[in-house]
Amino acid sequence: MAYKAPVRDLTFVLNEVLEVERHSNQPGLADVSPDLIGQILEEGAKFAEQVIAPLNRIGDQEGCKWDAGRVTGPTGWKDAYRQMVEAGWVGLSSEAEHGGQGMPAIVGMAFGQFTAAASPAFSMYPGLTHGCYEALNANGSEEQKALYCPKLATGEWGGTMNLTEPQCGTDLGLIRTKAVPNGDGSYSITGQKIWISSGEHDFTDNIIHLVLARIEGAPEGIKGISLFVVPKSFAGEDGSVGDRNEGVQCAGLEHKMGIHGNATCVMAYENAKGWLVGQENKGMAAMFVMMNEARLGTGLQGLSIGTAAYQAAVEFARDRVQGRSLTGPKNPEGPADPIIVHPDVRRMLLEAKAFVEGGQAFILWTALQADLQKSEDEATAVKARDYMGLITPVLKAYLTDKGFHVASLAMQVHGGSGYTEHFPASQYLRDARITMIYEGANGIQALDLVGRKLPANGGRAIMTWFGEIDGFVSENAGNEAIKPFVDGLADAKKKLQEATMWLMQNGMQNPDNAGAASTDYLNVFGLTALAYMWAQMAKAAQAKIDGGSDDPFYANKLATGRYFVERILPDAGAHLAKLKTGADVLMSVPAEAF
């Protein structure tokens, strides 16, 4: 099976649904025309399909090799990474002043869907590097930015984030890695970090680690965490690679269920030399730049794996001959019909297609908000920032849950063949599973949503979101052609509003109610978000049909959207009913009864 980048689907969303060109008055979006978007995505698709995708299976089979602290990647990966750097793809959304292409986030997130689908493990190397670049560019000193940003922007050097330790994952207040001032502005960093993606490899001459640590005497918990830049090798002012930072070592590789091609490292720091990024004890705020980018990237990764898995399932369903159609033979010349004629196979394929295409739009809509945060119009910027805070945990959790679900559906379509390593379904399922865990497990994302994001600024973000949906529903209430989409969206929003009110009334009086409701609440939110995306896509597709287009793309888009509205969106009611049962049934069972 050969991965095919969904260029048409994404250009439809960018140019016809979101109409990116309407935002040409916003910073970074002035020169982003439909023609330019098309050219970038067409070339990006070729690179993903021809250079990256063929390496995916190799990476799964070979994995990475560790030898005395040195790590080598799978066959062909180093050369593919070099090609990616030389072609400028790593720096697509990095600032031009640092050697990047200066494209907005929405273009970078579109291309990112291609690379993450072609090989999720490979895409993590440039993805984490870009996150490291963004964090340093936002929080580093002028000297640090001058030293590291040009190399990170282009991908010439790699970048990582070092958070987790053996005794702490999500609860970063338990960090033990310590930082001792050296008296010359630098610090000695000592501690162990685990599960560090891309922590050591042979793709780049240098790797820049962002490390959370506690300066001696700092307050306990989160309030005493600082952020440090710790290079694998010291950097010369001219951008050259200097002496090795001997205190930085890769102590081994994790043996994982999936994403074998990415080097997931145990990193040992023993009096490694590092420099403070930002202010003392403000490390979490600084690292959140990279953490939030990683959460969006993880949502994108989960969705993109689902995209590739769906494509493989469609190809298999067209080729696999088994049984006869319930309404008579569809392949009378053959011994049986292709399984794509069977209703339940179509159910699985359409469920996958509806999630994938809705998720693609959700990612790009969110990426547009990331760009609008930079608006010179204060109201536009505030609204976009509010949305980014509110939507990030939803996008990460919902799209990784559904990406894995799609990969599971794809395996089911493959039947017994999918359970073997002769077909790609197994790798997609294994690779997708980690996305629900890392960058904050999905249950933590749900807690973040109900505990922090909903009440922020007096609930301003969610009220703005409700207002935007109400505006769309009101504006399109008379459009009979898309009535099912508008009505479905209105009903989903009503359920989300009811769930929000229930949380406000019951969560504060008993925090366990909020915790017990959080995952179901996130699912109602995710369904409402996809309903909004599908309503917008339906409106754009119907307008093309009404304008005389006979391109089957638009009719097919509407048919897929109808499946979402009729067969998936009703799940919002079930989640709402479960949410309103509260914490009693969960917390009444004593711990020893499990």
Side-chain angles (χ1 to χ4, degrees), residues 1-10 12 45 48-50 53-54 56-57 60 113-114 117-120 302-360 402-432 534 537-538 541 545 550-568:
M1 176 265 172
Y3 167 67
K4 185 70 175 174
V7 175
R8 180 70 190 281
D9 285 317
L10 299 199
F12 166 68
E49 294 165 2
Q50 298 171 13
N56 197 37
R57 185 167 175 81
D60 186 55
Q113 290 191 46
F114 298 168
S119 176
L303 184 279
S304 299
I305 296 170
T307 302
Y310 160 70
Q311 289 185 7
V314 171
E315 184 173 300
F316 185 88
R318 285 174 175 157
D319 293 342
R320 177 68 166 172
V321 175
Q322 192 104 8
R324 285 296 189 189
S325 166
L326 298 176
T327 54
K330 299 297 185 286
N331 178 33
E333 303 303 318
D337 290 329
I339 63 172
I340 201 166
V341 306
H342 302 311
D344 198 58
V345 172
R346 284 174 165 260
R347 173 190 64 81
M348 292 186 283
L349 292 177
L350 271 170
E351 184 148 326
K353 183 176 172 65
F355 276 126
V356 162
E357 294 182 11
Q360 289 168 349
K402 297 311 173 187
F404 179 76
H405 177 58
V406 168
S408 182
L409 289 173
M411 177 174 279
Q412 192 71 12
V413 171
H414 279 80
S417 299
Y419 202 66
T420 71
E421 296 302 325
H422 297 292
F423 289 84
S426 168
Q427 183 183 352
Y428 290 136
L429 193 70
R430 288 184 285 104
D431 285 352
W534 272 114
M537 287 192 284
I545 293 171
D550 59 357
D551 186 340
F553 174 87
Y554 298 112
N556 293 339
K557 190 66 72 174
L558 287 168
T560 304
R562 275 186 52 216
Y563 182 91
F564 176 82
V565 170
E566 294 176 15
R567 300 290 296 257
I568 297 176

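- Residues Asp431 and Asn56 share a closest heavy-atom pair of OD2-OD1, 4.4 Å.
- A search for salt bridge (Lys or Arg N to Asp or Glu O under 4.0 Å) contacts involving Lys557 returns Asp9, Glu357, not counting sequence neighbours.
- A salt bridge is defined here as a Lys NZ or Arg NE, NH1 or NH2 lying under 4.0 Å from an Asp or Glu carboxylate O, and Asp60 with Arg57 fails to meet this definition.
- Around atom CZ of Arg8, more than 12 heavy atoms belonging to other residues, nucleotides or ligands sit under 6.0 Å away.
- A distance-only check finds no donor-acceptor pair linking the side chain of Arg567 to the backbone of Glu351 [under 3.5 Å].
- Under the ring pair (Phe, Tyr, Trp, His ring centres under 6.0 Å) criterion, Phe553 pairs with Phe12, sequence neighbours left out.
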Listed pairs under 3.5 Å, donor-acceptor, residues 305-313 side chains, sequence neighbours left out:
from	atom 1	to	atom 2	distance (Å)
Thr307	OG1	Leu303	O	3.1
Gln311	OE1	Lys4	N	2.9
Gln311	NE2	Lys4	O	2.6

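- Listed by chain and number, the residues in a side-chain contact (heavy atoms from CB on, under 4.5 Å) with Ser408 are Leu429 (sequence neighbours excluded).
- Residues Asp319 and Pro338 fail the side-chain proximity criterion, which asks for heavy atoms closer than 4.5 Å.
- When all heavy atoms of Ala48 and Ala118 are compared, the closest pair comes out as O-CB, 3.5 Å.
- Formation of a donor-acceptor pair under 3.5 Å by the Glu49 side chain with backbone atoms of Ala5 is found in this model.
- Scanning both residues, Ala336 and Asn331, for their nearest heavy atoms gives O-ND2, 2.8 Å.
- Applying the salt bridge (Lys or Arg N to Asp or Glu O under 4.0 Å) criterion to Arg324, with sequence neighbours excluded, gives Asp337.
- For the atom pair CZ of Arg320 and CD1 of Ile340, the computed distance is 14.5 Å after rounding to the nearest 0.5 Å.
- Other residues, nucleotides and ligands contribute over 12 non-hydrogen atoms within 6.0 Å of the CZ atom of Arg430.
- Counting heavy atoms from C-beta outward, Phe114 and Pro6 have side chains that approach closer than 4.5 Å.
- Pairs passing the ring pair (Phe, Tyr, Trp, His ring centres under 6.0 Å) check and including a residue from residues 315-343, sequence neighbours excluded, read Phe316-His414, Phe316-Phe423.
- With values rounded to the nearest 0.5 angstrom, Leu409 atom CG is found 14.5 Å from Lys353 atom NZ.
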message: Could you go through Val341 and Leu326, starting from their C-alpha distance and side-chain angles, then the distance that decides it, and tell me whether this counts as side-chain contact (heavy atoms from CB on, under 4.5 Å)?
response: CA-CA 9 Å; Val341 306; Leu326 298 176; over 6 Å; no

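- Residue Gln412 qualifies as open at atom CD: its count of foreign heavy atoms under 6.0 Å is 12 or below.
- A donor atom on one side chain and an acceptor atom on the other are not found under 3.5 Å apart for Ser304 and Gln113.
- Expressed to the nearest 0.5 Å, how far CZ of Phe355 lies from OH of Tyr563 amounts to 8.5 Å.
- Using a 4.5 Å heavy-atom threshold, the side chains of Phe564 and Leu350 count as separate.
- Taking both residues in full, the closest heavy atoms of Leu349 and Ala317 are given as CD1-CB, 4.0 Å, listed atom of the first, atom of the second, then distance.
- Considering all non-hydrogen atoms of both residues, Glu421 and Ser426 come closest at OE2-OG, 2.7 Å.
- Listed here is the closest heavy atom pair of Trp534 and Ala354: NE1-O, 3.2 Å.
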